[in-house]
Amino acid sequence: MSEAPRSRRSTPWPPVDTESPAPHPDAPRPGTKLAVHYDQCFGCGDVEGGLHMRSTMGEHALVHSQFAVTEAHQGAPGLAHGGLLACAFDEALGSAVGNLLRRPAVTGKLETDFLRPVPVGSTLFITAKVDGVAGRKLYASAEGRLGAEDGSVAVRARALFVEVGFEHFTTHGDPDALTKFRQTPDQINP
Ligand SMILES: CCCCCCCCCCCCCC(=O)SCCNC(=O)CCNC(=O)[C@H](O)C(C)(C)COP(=O)(O)OP(=O)(O)OC[C@H]1O[C@@H](n2cnc3c(N)ncnc32)[C@H](O)[C@@H]1OP(=O)(O)O
């Protein structure tokens with residue numbers, strides 16, 4: 001992925017010393033279409049007005065996701081809402097972390113850099129990767145290109161995910177969370 005322009009760079013990334021993110025032995029092979037992780041997820045699930053994102057494992061431990069921007073996703077007339085773009089990156093980054101490392105984690109920090117407007121009717125091609133691991137702290141970054149894998153970069157993002165135990169979801173969310181995760185049919189790789 002290309003470097004951010006100097007004027008847009010903030011702190012070094014990852015911000016702490018990290019180890020290389022060795023992909024889990026069971027990480028999906030390149031070319032695999034990645035499963036919906038939860039069918040009620042706003043990012044990838046079958047939710048009205050949701051982002052309906054689909055992701056594929058790429059070469060070199062990159063995860064490729066697509067977000068097709070519709071009228072349901074507008075902020076200004078004809079343009080994607082920045083918060084929903086951030087959501088799309090949260091999903092893409094989370095998918096990279098979850099599928100490559102296979103460690104349950106939640107977003108602790110998400111930083112976005114909006115470089116170009118993203119019009120309704122366009123598709124954002126997002127490429128995400130895991131940059132480093134420091135204990136429970138998992139660092140990932142992504143960039144989104146307009147209209148094609150080699151389109152203009154419209155958005156960049158980077159995030160810290162923090163590994164959690166599965167009780168995070170049952171304690172703070174739904175006591176039946178694990179059952180609900182498991183009940184989500186694999187709609188892509190039946
Ligand atoms: C395999 C299947 C595939 C699955 C695919 C899945 C796709 C998923 C796609 C879905 C994607 C959508 C995903 C979503 O939407 S996830 C939903 C949005 N996120 C949340 O709800 C998270 C809410 N926050 C928390 O629960 C807690 O704060 C967490 C768990 C994050 C940490 O609380 P905890 O008490 O456990 O730990 P700690 O506080 O000791 O912190 C631990 C370390 O982390 C560092 N730290 C923490 N926060 C920050 C920060 N902001 N900046 C910098 N550093 C931060 C902290 O300094 C410490 O470092 P150190 O002192 O140890 O050095």
Can you check whether Cys87 reaches Leu51 side chain to side chain, under 4.5 Å on heavy atoms? yes

For Glu149, enumerate each residue passing the side chain to side chain donor-acceptor pair (under 3.5 Å) test, keeping only those at least two apart in sequence or located in another chain. none

Provide the full list of side-chain hydrogen bond (donor to acceptor under 3.5 Å, both in side chains) pairs with a residue in residues 82-101, sequence neighbours left out, each pair given once. Asp90-Thr107, Ser95-Asn99

Could you check Arg156 against Leu115 for side chain to side chain contact (heavy atoms under 4.5 Å, CB included), going step by step and ending with a plain yes or no? CA-CA 8 Å; Arg156 286 196 178 90; Leu115 302 166; 3.3 Å; yes

With a 4.5 Å cut-off on side-chain heavy atoms, are Met53 and Ile126 touching? yes

Salt bridge (Lys or Arg N to Asp or Glu O under 4.0 Å): which pairs involve residues 14-30, sequence neighbours left out? none

Does Arg54 use its side chain to pair, donor to acceptor, with the backbone of Cys44 at less than 3.5 Å? yes

Kindly state each residue pair satisfying ring pair (Phe, Tyr, Trp, His ring centres under 6.0 Å) with at least one member in residues 20-46, sequence neighbours excluded. Tyr38-Phe181

When rounded to the nearest 0.5 angstrom, what distance separates OG in Ser141 from CG in Asp131? 3.5 Å

Roughly how far, to the nearest 0.5 Å, is the NZ atom of Lys129 from the CG atom of Leu93? 10.5 Å

Check: residues 71-82 side-chain donor-acceptor pairs under 3.5 Å, at least two apart:
residue, atom, partner, partner atom, Å
His73, ND1, Thr70, N, 3.0
His73, ND1, Thr70, OG1, 3.3
His73, NE2, Gly49, O, 3.4
His73, NE2, Gly50, O, 3.0
Gln74, OE1, Gly78, N, 2.8
Gln74, NE2, Glu71, O, 3.0
His81, ND1, Gly83, N, 2.9

So, using side chain to side chain donor-acceptor pair (under 3.5 Å) as the criterion, who are the partners of Asp176 when residues are at least two apart? none

Show which side-chain atoms of residues 164-171 pair as donor or acceptor with protein atoms under 3.5 Å away, not counting sequence neighbours.
residue, atom, partner, partner atom, Å
Thr170, OG1, Glu167, O, 3.2
Thr171, OG1, Glu167, O, 2.8

4.5 Å side-chain heavy-atom contact, Val118 and Val155: yes

Going through the distances and angles, do Thr56 and Val63 end up as a side chain to side chain contact (heavy atoms under 4.5 Å, CB included)? CA-CA 6 Å; Thr56 306; Val63 171; over 6 Å; no

Answer yes or no: is there a side-chain heavy-atom contact under 4.5 Å between Leu138 and Leu101? yes

Heavy-atom closest pair (Val97 atom, Ala140 atom, distance to 0.1 Å) is CG2-CB, 3.9 Å

Non-hydrogen side-chain atoms of Arg158 and Thr11 separated by less than 4.5 Å: yes

Residues in salt bridge (Lys or Arg N to Asp or Glu O under 4.0 Å) with Lys109, at least two apart? none

How far apart are the closest heavy atoms of Pro23 and Ala27, and which atoms are they? CB-CB, 4.4 Å

One pair to check against side chain to side chain contact (heavy atoms under 4.5 Å, CB included): Asp46 and Gln40. What are the steps and the verdict? CA-CA 6 Å; Asp46 186 19; Gln40 294 302 300; 5.8 Å; no

Could you pull out the closest heavy-atom pair between Thr112 and Ala157, with the gap in Å? CG2-CB, 4.0 Å

Report the residue from Arg136, Lys137, Arg103 that forms a salt bridge (charged side-chain N to carboxylate O under 4.0 Å, His left out) with Glu163. Arg103

Smallest separation among heavy atoms of Leu124 and Ala154, with atom names: CD1-CB, 4.1 Å

Would Phe114 and Leu85 count as a side chain to side chain contact (heavy atoms under 4.5 Å, CB included) here? Give the steps. CA-CA 9 Å; Phe114 301 102; Leu85 292 171; 3.8 Å; yes

Heavy-atom closest pair (Ser65 atom, Ser55 atom, distance to 0.1 Å) is OG-OG, 2.7 Å

Within the side chain of Arg145, is there an N or O that forms a donor-acceptor pair under 3.5 Å with the backbone of Gly151? yes

Quick one: pull up NE2 in His64 and CG in Leu62 and give me the separation to the nearest 0.5 Å. 5.0 Å

Leu84 reachable from Val47 in the ILVMFWY side-chain graph, under 4.5 Å edges: yes

Could you name each residue pair satisfying ring pair (Phe, Tyr, Trp, His ring centres under 6.0 Å) that touches residues 122-143, not counting sequence neighbours? Trp13-Tyr139

Leu110 with Leu160, same ILVMFWY side-chain cluster at under 4.5 Å: no

For Pro28 and Met57, work out which heavy atoms get closest and say how close. O-CG, 3.3 Å

Residues which pass side chain to side chain donor-acceptor pair (under 3.5 Å) with Arg102, listed by chain and number, not counting sequence neighbours: none

